[in-house]
Amino acid sequence: MTAQPRANIVGGGVNGLTAAAFLARAGWEVHIFERGARVGGAATSSQEVFGAGTVVDLGAAGHPFGVASPAFRALDLEGHGLRWLRAPYEMAHPLEGGEAALLAGNLADTAELLGRDSRAWTRLHRPVVEHIDQHLDNFLGPILRWPRHPRRMVQFGLPGLASARALGKATLATERARALLAGSAVHAIASPATPLTGAFGLLFGGLGQTRGWPVAEGGTQAIVDSVVRVLARYGAQLHTGVEVSDLRELPAAEATVLNLTPRQILDLQGVDLPPAKTRQLKRWRYGPATYKVDFLLKEPVPWADAKVGQAGTVHLGGSVDEIVHAEDEVKAGRMPERPFVMACQQYVADPSRGLTLWTYAHVPHGFVEAYPGHVREAVIKQIERFAPGFRDVIKATHETAPAQLEAWNPNLIGGDIAGGAMVGKQVLMRPGIALRPHRIKAGLYLASSSSPPGAGVHGMPGYWAARAAIQEHESGAGAFVAKRRFGL
């Protein structure tokens with residue numbers, strides 16, 4: 001064992017940076033290699049899209065898992081400059097006829113807003129809300145391990161195994177409440193009729209009613225900047241503009257951490273994967289894409305229900321059945337006439353961003369428009385269903401197609417922002433069935449959203465990859481030493 005072990009991190013997204021931070025904090029010499037001109041990956045922001053005085057998140061926007069992340073808390077990102085901001089309502093889901101379902105920052109207020117479904121919503125969500133930290137301990141890591149809170153796992157798992165649509169029909173009476181649950185479930189980028197989406201609906205709803213769905217003040221880039229300050233504190237070194245195609249070109253190291261998805265790992269030279277691991281990575285499937293449309297507005301969105309204008313996140317899909325139809329069309333490779341659209345009104349919580357509206361629509365994997373403006377027009381029409389006159393307040397638009405997303409960030413294969421389809425076994429077993437899913441082989445580790453617990457700006461894949469590296473390097477004493485050093 002060397003006096004100071006070395007780690008190479010390939011890919012400077014949030015997960016790679018988080019892995020680097022934990023390794024550096026544990027006393028390792030750490031070098032991060034990023035192909036882009038700056039680190040951050042899909043968690044970066046820019047004022048260049050619409051000009052000075054505006055901020056556009058180029059990738060991720062709202063952060064229910066970021067504010068609740070045990071990894072971010074252990075790194076004390078808020079002590080390194082990060083500030084979370086929340087809107088009056090965490091999320092809104094408008095429906096035809098002008099009414100909307102609203103997710104408030106606590107269970108009591110949300111239930112009261114749901115009227116007839118007040119008691120049913122409370123019964124469904126109270127076990128999650130009252131024990132949110134225990135549920136996060138269970139789910140923000142590898143599934144094939146003894147859960148830290150077995151009782152909570154059983155309590156959550158029974159309703160979570162169902163589809164969000166089935167769970168809503170079985171427990172809730174009104175379309176408003178059912179849509180509120182299903183809209184949260186579609187963060188899995190799958191139909192709410194898919195098994196296990198009930199878990200997504202409950203967990204996202206539970207987070208909203210406890211920690212909120214906040215934005216980072218000044219843009220998602222602020223999360224990256226705070227991690228970089230942690231890296232600087234512990235002496236980690238950033239190398240930007242360096243594309244790694246052959247691991248043999250990197251300096252010798254005790255551990256190499258890859259913030260890459262399976263297809264990219266298979267394309268790397270100098271990896272020498274075991275045959276079983278190669279077969280596993282080749283079986284990996286990528287999921288539907290997102291098509292991003294950003295708007296610069298003359299004035300706030302004119303929602304039919306004014307309370308929607310006070311929400312940080314808005315789910316635009318209409319009824320549960322409409323969402324199911326749209327997601328089924330995407331899965332079949334067809335562009336839906338009324339796609340599910342996610343919108344973030346960051347300006348409600350953070351006026352410093354200017355009047356920019358962040359949206360994306362779910363589209364087929366690798367989708368290419370039949371004609372320019374196809375998706376942009378579909379997004380505008382979907383918003384106008386619930387905000388008549390929206391078109392009149394648009395000052396400028398900026399579109400990013402799936403191919404452009406992948407060109408900007410190669411981890412977004414075909415426009416898939418989740419690092420792989422979030423359906424079937426891939427929801428739970430990422431990148432496959434393995435007791436140590438973050439270990440590719442001795443000295444080589446996986447820290448992307450293709451590993452547990454999956455997509456989101458929370459850094460947990462990076463935490464688990466770093467922990468695996470430290471444990472393996474320190475052999476028998478590793479489990480104890482790693483636990484003590486990580487503080488988790």
Side-chain angles (χ1 to χ4, degrees), residues 5-34 39-43 65 69-75 139-145 224 227 230-231 234 236 238 244 247 250 253-262 264-265 268 271 273-274 277 280-281 284 411 418-420 429-475 478-479 481-483 485-488:
R6 172 172 176 145
N8 294 324
I9 313 294
V10 179
V14 166
N15 288 320
L17 296 177
T18 302
F22 278 109
L23 287 163
R25 197 176 76 163
W28 289 48
E29 178 187 349
V30 178
H31 294 260
I32 303 109
F33 299 91
E34 164 59 37
V39 295
F65 280 100
S69 167
F72 287 175
R73 185 166 60 249
L75 293 176
F139 289 107
L140 291 183
I143 292 296
L144 292 182
R145 60 186 174 116
V224 176
V227 181
V230 175
L231 293 171
Y234 293 107
L238 298 172
V244 177
L247 294 186
L250 297 177
E254 281 74 16
T256 298
V257 178
L258 305 178
N259 185 11
L260 305 171
T261 73
Q264 296 158 287
I265 295 171
L268 274 179
V271 180
L273 292 173
K277 181 59 68 173
Q280 183 187 74
L281 297 182
W284 189 249
N411 277 10
M429 307 297 179
R430 301 172 80 82
I433 300 174
L435 291 174
R436 294 184 289 176
H438 298 89
R439 180 187 184 273
I440 298 173
K441 66 174 188 176
L444 188 64
Y445 308 91
L446 178 61
S448 72
S449 57
S450 301
S451 64
V457 180
H458 43 62
M460 292 304 294
Y463 159 75
W464 286 105
R467 176 169 170 161
I470 293 175
Q471 288 180 343
E472 187 162 42
H473 180 67
E474 297 181 347
S475 62
V481 174
K483 185 174 180 180
R485 287 184 174 174
F486 277 82
L488 289 179

Stepwise side-chain contact (heavy atoms from CB on, under 4.5 Å) check, Leu258 with Val271: CA-CA 11 Å; Leu258 305 178; Val271 180; 5.6 Å; no

[atom1]-[atom2] distance between [X] and [Y], expressed to the nearest 0.5 angstrom:
X: Ile9; Y: Leu238; atom1: CD1; atom2: CG; value: 10.5 Å
X: Leu23; Y: His31; atom1: CG; atom2: NE2; value: 12.0 Å
X: Leu273; Y: Leu268; atom1: CG; atom2: CG; value: 8.5 Å
X: Ile440; Y: Leu446; atom1: CD1; atom2: CG; value: 5.0 Å
X: Arg439; Y: Arg467; atom1: CZ; atom2: CZ; value: 16.0 Å
X: Ser449; Y: Asn259; atom1: OG; atom2: CG; value: 8.0 Å

Taking [X] for its side chain and [Y] for its backbone only, find out whether a donor-acceptor pair lies under 3.5 Å.
X: His438; Y: Pro452; value: yes
X: Arg25; Y: Tyr234; value: no
X: Trp284; Y: Gly419; value: yes
X: Thr261; Y: Asn411; value: no
X: Ser69; Y: His458; value: yes
X: Glu254; Y: Arg6; value: yes
X: Asn8; Y: Phe33; value: no

Specify the closest pair of heavy atoms between [X] and [Y], including all atoms of both residues, with the distance to one decimal.
X: Ala255; Y: Tyr445; result: CB-CE1, 3.7 Å
X: Arg436; Y: Glu472; result: NH1-OE2, 4.4 Å
X: Asn15; Y: Pro461; result: OD1-CD, 3.2 Å
X: Phe22; Y: Ala466; result: CB-CB, 3.9 Å
X: Ala20; Y: Val30; result: CB-CG1, 3.6 Å
X: Ala21; Y: Val230; result: CB-CG1, 4.0 Å

Find out whether [X] and [Y] are in side-chain contact, i.e. whether some heavy atom of one side chain is under 4.5 Å from a heavy atom of the other.
X: Pro70; Y: Met460; result: yes
X: Leu140; Y: Phe65; result: yes
X: Leu231; Y: Leu17; result: yes

Val39 and Val224: CA distance, side-chain angles, deciding distance, side-chain contact (heavy atoms from CB on, under 4.5 Å) verdict: CA-CA 8 Å; Val39 295; Val224 176; 4.1 Å; yes

ring-ring contact (aromatic ring centres under 6.0 Å, His included) partners for Phe72, two or more places apart: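 With neighbours one apart ignored, the set is empty.
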
